[in-house]
Amino acid sequence: MSHGEDEHAPGYDAELRRLDPVFRRACDVRASDRVLDVGCGTGSTTRAAAHAAPEGGALGVDVSASAVERARAVAAARGPRNVTFECVDAQVHPFAPEGADLLISRFGTMFFTDPGAAFGNLARALCPDGRLVMLVWQSADRNEWDVALREALSGATPAAGVSPAFSLGDPARTADLLGSAGFVDVDHAEVHEPVWYGPDVASAEAWVRGFTSTRELVEQLGPEAAERGLARLRETLEEHLHDDGVWFDSRAWLVTARR
């Protein structure tokens, strides 16, 4: 279902506040790196990479025009100057061959319609021995944020998740995809950190109701069932409210590889 500048307000960057440090350490951006950030959203990961690569730079790409517009505006106001953003489809965009030393993606690669072709295209954008670092969700049943919210809205134990958000949850399949695309030394490391949905129940509900999958499920329920489902959702959020906000368990894979 999941998928800000103010860490005290719900938003994608705030949601991932416990996972982001793990991701950035794994990226280990070097001063001269040319970084390609796939599915950059509003650009926080791209800007961080650019700051860490003063002798290189970072390009963030996303299919969302509004996200890219926001990313450009923030970078123009705050810097750094060695960051750029483009609204393109990374699956097919003709990137400069071997134009990147490091390919990063924080939950942006699970939505490829043709992952084999997409990873092949991205491999060609990497220089020889270039690195890949990406975070992807593990399977839906290992992510409480998905199971608990769908169960609350539907009022029943949910069937296995079919959202593309979990399309790279099987390490063997992902390793095969990357290997076929030209990557080697593929490794999966588990990241077990919770996600944050807001400082209070009202904020968390507003954030969750903005998820595409939440809206779709509510629309399928019909008015009366939807009202009951939303009431159960509020109860579930209350059950997950702690002193520092609403948290749900999550599990992801930190995938690393080389071209």
Side-chain angles (χ1 to χ4, degrees), residues 2-3 16 19-30 33-41 45-46 48-49 52-53 56 58-64 86 88-143 146 160-193 250-259:
S2 180
H3 84 7
L16 301 177
L19 291 91
D20 203 49
V22 179
F23 175 65
R24 297 193 187 196
R25 285 195 298 271
C27 289
D28 189 25
V29 180
R30 298 156 190 163
D33 275 343
R34 299 164 298 166
V35 183
L36 173 58
D37 186 3
V38 176
C40 66
T45 49
T46 323
L59 166 63
V61 299
D62 202 287
V63 294
S64 169
E86 294 183 15
V88 301
D89 185 348
Q91 299 181 98
V92 297
H93 182 70
F95 294 106
E98 302 182 2
D101 304 296
L102 173 62
L103 168 64
I104 67 174
S105 182
R106 187 187 66 177
F107 299 113
T109 54
M110 303 96 64
F111 303 99
F112 293 145
T113 55
D114 186 345
F119 285 121
N121 189 46
L122 293 172
R124 290 187 289 274
L126 271 177
C127 66
D129 209 39
R131 296 183 298 132
L132 164 70
V133 180
M134 63 182 185
L135 269 178
V136 301
W137 294 119
Q138 292 188 27
S139 58
D141 62 339
R142 292 178 64 79
N143 278 284
D146 181 76
V162 296
S163 167
F166 308 106
S167 67
L168 297 179
D170 180 348
R173 176 177 180 271
T174 301
D176 284 344
L177 285 167
L178 292 174
S180 297
F183 289 94
V184 297
D185 297 339
V186 179
D187 182 69
H188 282 72
E190 181 169 67
V191 180
H192 185 192
E193 294 286 354
S250 81
R251 291 177 185 265
W253 292 120
L254 177 66
V255 185
T256 55
R258 291 187 302 108
R259 178 183 169 189

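- Residues Arg106 and Asp20 approach most closely at NH1-OD1, 3.0 Å, considering heavy atoms.
- Checking each of Leu168, Thr174, Leu135 against Met110 for a side chain to side chain contact (heavy atoms under 4.5 Å, CB included) leaves exactly one that passes, namely Leu168.
- When all heavy atoms of Gly39 and Asp62 are compared, the pair lying nearest together is C-OD2, 3.2 Å.
- When each of Leu102, Val61, Leu132 is paired with Leu36, the side chain to side chain contact (heavy atoms under 4.5 Å, CB included) condition holds for Val61 and for no other.
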Go through the steps to decide whether Val255 and Leu178 satisfy the test side-chain contact (heavy atoms from CB on, under 4.5 Å), and finish with yes or no. CA-CA 10 Å; Val255 185; Leu178 292 174; 3.8 Å; yes
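- Separating the CG atom in Leu126 from the CZ atom in Arg34 is a distance of 9.5 Å, to the nearest 0.5 Å.
- Between the side chain of Gln138 and the main chain of Ala252, a donor-acceptor pair closer than 3.5 Å is present.
- Summarising the geometry, atom OG belonging to Ser250 is positioned 4.5 Å from atom CG belonging to Leu19; distances are rounded to the nearest 0.5 Å.
- Rounding to the nearest 0.5 angstrom, the gap separating the OG1 atom in Thr113 from the CG atom in Asp89 is 7.0 Å.
- Between Pro128 and Arg259 the shortest heavy-atom distance is N-NH1, 4.2 Å.
- Inspection of the Ser139 and Asp141 side chains reveals an N or O donor paired with an N or O acceptor under 3.5 Å.
- In this structure, His188 and Trp253 have perpendicular ring planes: the angle between them is above 60°, well past the 30° mark.
- Of all non-hydrogen atoms in Gly60 and Cys40, the two that sit nearest each other are C-SG, 3.5 Å.
- Side-chain atoms of Gln91 come within 3.5 Å of backbone N or O of Asp114 as a donor-acceptor pair.
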Show your reasoning for whether side-chain contact (heavy atoms from CB on, under 4.5 Å) applies to Asp146 and Trp137. CA-CA 11 Å; Asp146 181 76; Trp137 294 119; over 6 Å; no
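- Across all their heavy atoms, Ala123 and Phe183 have their closest contact at CB-CE1, 3.7 Å.
- Between Leu122 atom CG and Phe112 atom CZ the span is 5.0 Å, to the nearest 0.5 Å.
- For residues 168-187, the set of pairs meeting the salt bridge (charged side-chain N to carboxylate O under 4.0 Å, His left out) definition, not counting sequence neighbours, comprises Asp185-Arg258.
- A salt bridge is defined here as a Lys NZ or Arg NE, NH1 or NH2 lying under 4.0 Å from an Asp or Glu carboxylate O, and Asp33 with Arg131 meets this definition.
- Considering every non-hydrogen atom in both Asp101 and Cys127, the closest pair reads OD1-SG, 3.5 Å.
- In this structure a side-chain-to-backbone donor-acceptor pair under 3.5 Å is present from Ser105 to Val38.
- The structure places CG of Leu254 at 11.0 Å from CD of Glu190, a figure rounded to the nearest 0.5 Å.
- In this structure Phe23 satisfies the ring pair (Phe, Tyr, Trp, His ring centres under 6.0 Å) test with no other residue, sequence neighbours excluded.
- The CG atom of Leu103 sits 8.5 Å away from the OG1 atom of Thr109 when rounded to the nearest 0.5 Å.
- Side-chain N or O atoms of Arg142 include none that pairs as donor or acceptor with a backbone N or O of Arg251 at under 3.5 Å.
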